[in-house]
Amino acid sequence: MLRRATAGVRLGLVLRGSAHRFERSESLRIAKGRDRSGNADGPLHDLSDYHLVDGSAAAETPKQKLWQRARERAHLRAQKLNDEMIQLHKEWEQLDSLSEKTN
């Protein structure tokens, strides 16, 4: 009986330490401007958690749709910035070639 009690105390100390590490890592993520939880976003975030018996996917939740729209907006913004940088690079090349011709 005494062994079980000490094992329980040790397990409690281990669990308390892991909870402390979790809180510490959570505050670090927040301090760095990231999500509170490490699993808040990722490649599987938009997928449903289950499927129906006939094999079809479950209906998307409003939150899943929201995340998909946010991800799509971010992708479109990144694509627009990339296109702008390519266009500016071409313009700079033209300006460089003109300045070399005049020199």
Side-chain angles (χ1 to χ4, degrees):
M1 186 103 170
L2 184 58
R3 280 189 167 168
R4 281 189 178 167
T6 56
V9 169
R10 277 187 267 141
L11 179 61
L13 291 174
V14 168
L15 291 177
R16 190 176 322 138
S18 63
H20 179 68
R21 283 192 299 274
F22 174 74
E23 291 170 4
R24 185 177 52 206
S25 62
E26 178 181 315
S27 62
L28 285 174
R29 281 194 293 272
I30 291 171
K32 291 181 181 180
R34 297 183 356 209
D35 289 332
R36 178 184 63 82
S37 172
N39 63 359
D41 192 15
L44 301 178
H45 189 78
D46 294 335
L47 300 177
S48 61
D49 295 333
Y50 62 93
H51 62 278
L52 302 176
V53 175
D54 63 358
S56 61
E60 292 179 337
T61 64
K63 194 163 193 171
Q64 286 173 327
K65 291 178 184 179
L66 179 73
W67 277 100
Q68 288 171 356
R69 285 192 303 268
R71 189 169 288 116
E72 183 178 339
R73 282 192 306 268
H75 175 73
L76 291 174
R77 178 69 178 145
Q79 186 63 41
K80 183 179 176 184
L81 290 172
N82 186 35
D83 293 343
E84 289 176 5
M85 290 303 297
I86 290 171
Q87 182 62 32
L88 285 172
H89 185 68
K90 288 178 182 177
E91 291 174 11
W92 291 335
E93 284 180 343
Q94 290 174 352
L95 290 173
D96 286 343
S97 65
L98 288 175
S99 65
E100 288 175 3
K101 287 179 183 178
T102 59
N103 292 335

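None of these values were measured; they are calculated from a predicted model. In this chain, numbering begins with 1 at the start of the sequence shown.
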Can you establish whether the number of heavy atoms outside E72 located under 6.0 Å from its atom CD is more than 12?
no
Considering residues at least two apart in sequence or located in another chain, which fulfil the side-chain contact (heavy atoms from CB on, under 4.5 Å) criterion with I86?
N82, K90
Quick one: side-chain contact (heavy atoms from CB on, under 4.5 Å) partners of D83, sequence neighbours excluded?
Q79
Sequence neighbours left out, what passes side-chain contact (heavy atoms from CB on, under 4.5 Å) with E84? Give chain and number order.
K80, L81
Write down the atom of D54, the atom of S56, and the distance for their closest heavy-atom approach.
OD1-OG, 2.8 Å
Go through H89 and E93 one step at a time and tell me if the side-chain contact (heavy atoms from CB on, under 4.5 Å) criterion holds.
CA-CA 6 Å; H89 185 68; E93 284 180 343; 3.1 Å; yes
CG of D96 to NZ of K101: how many Å apart, nearest 0.5 Å?
12.0 Å
